[in-house]
There are 2 protein chains.
Amino acid sequence: MYLCGIIKEMFSQSEENYLKAIYHLEIVSSKGVTTNAIAKKLETKASSVTDMVQKLSEKELIIYKKYQGVTLTVFGKKTAANIVRKHRLWEVFLVEKLNFSWDEVHDVAEQLEHIKSQKLIQELDSFLGFPTHDPHGDPIPDDKGNLKTIEKSLLSTLAKNESGICVGVIDSSSEFLQFLDKKGITLGKQITVLEKEDFDDSVSILINDKKLSISQKIATNLFVKKR
Amino acid sequence: MYLCGIIKEMFSQSEENYLKAIYHLEIVSSKGVTTNAIAKKLETKASSVTDMVQKLSEKELIIYKKYQGVTLTVFGKKTAANIVRKHRLWEVFLVEKLNFSWDEVHDVAEQLEHIKSQKLIQELDSFLGFPTHDPHGDPIPDDKGNLKTIEKSLLSTLAKNESGICVGVIDSSSEFLQFLDKKGITLGKQITVLEKEDFDDSVSILINDKKLSISQKIATNLFVKKR
DNA sequence: AATAATTTTTAGTCTTGACTAAATATTGTT
DNA sequence: AACAATATTTAGTCAAGACTAAAAATTATT
Ligand SMILES: [Mn+2]
Ligand SMILES: [Mn+2]
Ligand SMILES: [Mn+2]
Ligand SMILES: [Mn+2]
């Protein structure tokens with residue numbers, strides 16, 4: 001009894017989750033992505049990763065040599081980017097059309113990203129007005145898998161009296177996002193650095209015409225676009 | 001009092017597909033649903049059905065006694081209705097918002113119906129304006145699992161000179177639906193029976209101000225609301 | 001360079017959900 | 001009632017994808 005015998009290349013939900021994890025890890029690591037890194041990201045065991053990595057390698061989605069970590073092939077990268085594309089488009093849908101807040105979308109998008117339908121994703125993109133970024137400020141890959149990366153800087157890198165527009169987050173856990181909401185920090189807001197404290201790396205900022213003290217942890221998880 | 005009503009139980013995609021199949025079969029059969037009937041509907045083997053049916057019985061979703069067929073429990077029926085609800089709401093979404101035609105929605109809805117999120121389905125319902133029927137004229141269960149069934153009759157049961165509004169189909173395969181499209185037969189259209197042929201049970205109808213000859217097969221797969 | 005610590009892989013097991021083939025129960029027909 | 005046909009269940013396999021424990025390779029430390 002097989003479901004989904006329709007589309008050309010079909011990967012399981014599990015395979016897709018691995019691909020996506022490797023894709024994200026590759027962006028930051030720039031070297032081969034290690035077994036342990038994948039295991040940590042997916043909250044699974046290293047031995048399970050080894051199994052899956054061998055399978056993905058068979059399918060020519062990744063390059064894998066024992067003990068050497070993995071790299072996405074062009075095909076694998078394109079496939080992964082498409083999953084990320086779907087994830088982020090669905091996040092936009094949930095926020096823009098279904099009144100979800102930015103801290104509620106992740107788990108649902110994690111499921112929706114695996115729906116197989118070329119037409120669905122094309123039409124969704126069009127329905128949403130071809131958005132370029134998701135609710136967390138992350139760029140949405142185009143239908144060829146290309147990412148248009150904008151220059152953005154961590155808030156912690158701004159100097160005193162510099163200012164920028166809030167354009168993204170690193171940590172998109174609902175705890176962090178709700179914390180930002182509570183502080184009135186949302187995408188699009190202007191932030192000006194009033195003071196930088198050396199002893200704890202906290203930052204004093206101006207936002208919403210109010211002065212706010214921001215811990216180092218927050219400042220290193222918030223992206224701004226300098227101006 | 002235990003947590004039964006409180007904890008949201010989660011079922012696998014496969015379990016949900018079985019539940020839905022049994023739900024649909026129960027509507028027409030009114031007796032216990034047989035192993036073979038389920039196997040046929042899901043295009044699987046009877047032995048696989050027996051396995052799953054034993055599991056669903058363990059979970060108190062169905063009543064099962066060996067060789068006796070199965071019946072949904074109240075809990076099982078509610079669960080199944082909720083899956084049907086999601087399926088049909090997604091079908092409406094695809095047609096109303098994403099330019100799908102009624103013959104293209106089924107496979108995608110088959111996947112979307114398994115997405116787990118209470119909020120998602122509530123918001124979707126509201127976003128769609130609380131639709132009562134899906135694109136094939138099938139009623140959408142409410143959030144308690146209740147079906148509001150309207151009276152409708154097969155086109156084949158209309159007498160000469162009777163007329164009705166086209167409100168649904170039995171067969172919703174894309175072949176049949178595309179055939180209806182080609183003939184200009186869509187939901188909401190008025191149909192008047194001009195002539196009934198005894199020798200082949202075909203029907204001559206008036207639709208879109210044009211006379212059309214309809215085979216018996218079509219006439220027994222089209223629902224109309226008499227007027 | 002040798003040893004210790006860490007990472008990664010292998011071997012073996014488990015669960016889910018499918019399958020085939022064989023056994024058993026039910027139903028239909030003479 | 002006996003037998004044949006059909007339906008259903010059981011027993012035994014298999015693949016995917018997880019796990020644990022143990023082995024092997026790599027990396028770090030003395
Ligand atoms: Mn996912
Ligand atoms: Mn996001
Ligand atoms: Mn389904
Ligand atoms: Mn439908």
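Worth knowing before you read on, the calculation uses all heavy atoms, side chains too, and leaves out hydrogens, waters and symmetry mates. We name chains A, B, ... by the order of the sequence lines, and we start the count at 1 in each one. Remember, predicted model here, so these are calculated numbers, not experimental data.
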*Determine the contact category for T50(A): base if any of its heavy atoms lies under 4.0 Å from a base atom, sugar-phosphate if only primed atoms, P, OP1 or OP2 are that close, otherwise nothing.*
base
_So T35(B), base contact, sugar-phosphate only, or nothing? Heavy-atom distance under 4.0 Å._
sugar-phosphate
*Taking NZ, NE, NH1 and NH2 as the nitrogens, is one of them in E15(A) or K20(A) under 4.0 Å from a carboxylate oxygen of the other?*
no
_Those residues of residues 57-72 of chain A lying under 4.0 Å from DNA chain D by at least one heavy atom_ = Y67(A)
*Where the side chain of N36(B) is defined as all heavy atoms beyond and including C-beta, which of dT8(C), dA18(D), dT8(D) is the nearest nucleotide?*
dT8(D)
_E16(A) and K116(A) ion-paired at < 4.0 Å_ = yes
*How long is the line joining CD of Q54(A) and P of dA15(D), in whole Å?*
16 Å
*Could you give the CG-to-C1' distance, from D51(B) to dC14(D), as a whole number of Å?*
13 Å
*Are side-chain N/O atoms of S126(A) and E123(A) paired as donor and acceptor at under 3.5 Å?*
no
_With side-chain contact (heavy atoms from CB on, under 4.5 Å) as the test, pick out the partner of L222(B) among L180(B), L154(B), I170(B), V167(B)._
L180(B)
*Heavy atoms, side chains only, cut-off 4.5 Å: are L124(B) and L128(B) in contact?*
yes
_Phosphate-side-chain proximity, S48(B) and dC19(C), N/O vs OP1/OP2 below 4.0 Å_ = yes
_Could you check whether the side chain of S47(A) and the base of dT8(C) have a donor-acceptor pair of N or O atoms closer than 3.5 Å, going by distance alone?_
no
_Of the listed nucleotides dA18(C), dT9(D), dT8(C), the one nearest the side chain of M52(B)_ = dA18(C)
*salt bridge (charged side-chain N to carboxylate O under 4.0 Å, His left out) between R85(B) and D125(B), worked out*: CA-CA 10 Å; R85(B) 171 174 164 76; D125(B) 192 25; 3.0 Å; yes
*Whole angstrom is fine here: how far is it from CD in E43(B) over to P in dA18(C)?*
13 Å
*Are the charged groups of D171(A) and K217(A) less than 4.0 angstrom apart, N to O?*
no
*Heavy atom of residues 17-29 of chain A under 4.0 Å from DNA chain D: which residues?*
Y18(A)
*Would one find more than 12 heavy atoms of other residues, nucleotides or ligands at under 6.0 Å from atom CD of E197(B)?*
yes
*Out of dT9(C), dT20(C), dT9(D), which has the shortest distance to the side chain of K45(B)?*
dT20(C)
*Indicate the ring-plane relationship of W90(A) and F93(A), choosing parallel, tilted or perpendicular according to the 30° and 60° boundaries.*
perpendicular
*May I have the distance from K31(A) (atom NZ) to dT7(C) (atom C1'), rounded to whole angstrom?*
15 Å
*asked:* Checking contacts here: which listed nucleotide (dC19(C), dT8(D), dA18(D)) is nearest the side-chain heavy atoms of T34(B)?
replied: dT8(D)
